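This report refers to the structure that appears directly beneath it.
Along the sequence shown, the residues carry numbers beginning at 1. These figures come from a predicted structure and were not determined experimentally.
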Amino acid sequence: MATADKPRTRIIHPLLVRVAHWINAFAIVCMVMSGWQIYNASPLFGFDFPRWATLGGWLGGAIAWHLAAMWLLVANGLIYLGYGLLAGHFRRHFLPLRPRDLLRDVKDALTFKLAHQPGIYNAVQRLMYIAVLLLGVLVVASGLSIWKPVQLDSLVDLFGGYDIARRVHFVAMAGIVAFVAVHLALVLIVPSTLLPMLTGRAPRHSRDKTPKQEQQA
């Protein structure tokens with residue numbers, strides 16, 4: 001039976017993190033699908049994306065969707081980055097990232113022995129979240145250089161030219177899509193991780209500390 005000193009559940013995802021997560025999910029889907037429509041207008045490689053996987057209907061419509069989603073993603077991302085740095089969210093959940101921990105968790109993941117505890121990220125998850133944050137910065141920077149190549153010519157030069165910036169943008173996008181695919185696969189494997197991202201709460205285990213105990217630690 002739960003008491004005032006030890007509630008049944010604990011908060012593992014603050015409200016701001018949950019709101020940022022779902023806004024990012026919506027913005028990324030819009031950007032990827034509209035980006036694929038833009039890609040189809042001038043393919044970099046020898047393939048097109050299927051029409052059902054694109055957004056915008058035509059080049060102009062896709063660009064409008066892409067830019068609208070871009071500003072939403074950038075604004076939301078800046079708020080999330082500010083919170084993550086100032087509130088210590090990144091430090092608590094993404095660090096430290098040690099090579100030996102990563103090798104151990106990769107081995108456990110490949111053998112389906114990787115333990116999961118709500119609110120605690122293993123080394124594989126930490127690496128994935130750090131990587132997708134860096135990819136987010138890269139995709140925005142390369143996207144800006146493609147959008148305004150004349151005004152941001154110095155940024156274009158950092159990428160080695162417009163054509164290379166397009167390829168960097170595509171590769172960064174592919175990395176984000178791969179992250180989303182793995183993220184969704186993990187949710188399917190461990191569906192109990194979905195509800196806490198909606199409610200913010202997860203069952204408290206006997207080894208978890210209460211807020212009072214955390215203050216005394």
**OP:** Report the distance from atom CG of L135 to atom CD1 of I130, rounding to the nearest 0.5 Å.
**Re:** 12.0 Å
**OP:** Quick one: pull up CZ in F159 and OG in S142 and give me the separation to the nearest 0.5 Å.
**Re:** 5.0 Å
Original post:
What distance do K107 atom NZ and L102 atom CG have between them, rounded to the nearest 0.5 Å?
Top reply: 14.0 Å
**OP:** Please work out which of the three classes, parallel, tilted or perpendicular, describes the rings of Y129 and F94, given edges at 30° and 60°.
**Re:** parallel
Original post:
Between D105 (side chain) and A123 (backbone), is there a donor-acceptor pair under 3.5 Å?
Top reply: yes
**OP:** Mind checking the NE2-CE spacing from H66 to M70? Nearest 0.5 Å is all I need.
**Re:** 8.0 Å
Original post:
Of all heavy-atom pairs between V156 and S145, which one has the smallest distance, and what is that distance?
Top reply: CG2-O, 3.4 Å
Original post:
Is L67 reachable from L59 through a run of I, L, V, M, F, W or Y residues, each pair having side-chain heavy atoms under 4.5 Å apart?
Top reply: yes
Subject >> Connected via hydrophobic side-chain network under 4.5 Å: I176 and V182 >> reply: yes
Original post:
Given F90 and Y83, is the ring-ring contact (aromatic ring centres under 6.0 Å, His included) satisfied, shown in steps?
Top reply: CA-CA 9 Å; F90 295 157; Y83 170 81; 8.2 Å; no
Original post:
Does the pair M197 and W22 meet the rule for a side-chain contact (heavy atoms from CB on, under 4.5 Å), with working shown?
Top reply: CA-CA 9 Å; M197 189 50 72; W22 293 112; 3.8 Å; yes
Original post:
Between N76 and I23, is there a donor-acceptor pair closer than 3.5 Å when you use the side chain of the first and the backbone of the second?
Top reply: no
Original post:
Hey, does I28 have a side-chain heavy atom less than 4.5 Å from the side chain of V177?
Top reply: no
Original post:
With distance as the sole test, does W36 use its side chain to make a donor-acceptor pair with the main-chain N or O of M31 at under 3.5 Å?
Top reply: no
Original post:
Shared ILVMFWY cluster between L144 and W65, side chains joined below 4.5 angstrom?
Top reply: no
**OP:** Taking atom types as modelled, find out whether Q37 and N40 have a side-chain donor-acceptor pair closer than 3.5 angstrom.
**Re:** no
Original post:
So, R126 side chain and H93 main chain: donor-acceptor pair closer than 3.5 Å or not?
Top reply: yes
Original post:
Rounded to the nearest 0.5 Å, what separation is found between the NE2 atom of H13 and the CG atom of L15?
Top reply: 12.5 Å
Original post:
Do the ring planes of Y39 and F170 sit parallel (below 30°), tilted (30 to 60°) or perpendicular (above 60°)?
Top reply: tilted
Subject >> Intermediate values then yes/no, side-chain contact (heavy atoms from CB on, under 4.5 Å), C30 and L55 >> reply: CA-CA 7 Å; C30 291; L55 180 65; 4.2 Å; yes
Original post:
Side chains of R201 and I11: closer than 4.5 Å at any heavy-atom pair?
Top reply: yes
Subject >> F26 reachable from V19 in the ILVMFWY side-chain graph, under 4.5 Å edges >> reply: yes
Original post:
Which atoms form the tightest heavy-atom contact between Y80 and H89, and what is the distance?
Top reply: OH-NE2, 3.5 Å
**OP:** Find the distance between CG (D101) and CG (N122) and round it off to the nearest 0.5 Å.
**Re:** 10.0 Å
Original post:
Is it true that a side-chain atom of R18 and a backbone atom of L198 form a donor plus acceptor pair closer than 3.5 Å?
Top reply: yes
Original post:
In terms of hydrophobic clusters joined by side-chain contacts under 4.5 Å, are L72 and L16 together?
Top reply: no
**OP:** Before accepting this row, confirm whether a basic side-chain N of the pair D163/R166 lies closer than 4.0 Å to the acidic partner's carboxylate O.
**Re:** no
Original post:
Counting only heavy atoms not in W147, do more than 12 sit closer than 6.0 Å to its CH2 atom?
Top reply: yes
Subject >> Heavy-atom closest contact (P149 atom, I146 atom, distance) >> reply: CD-O, 3.3 Å
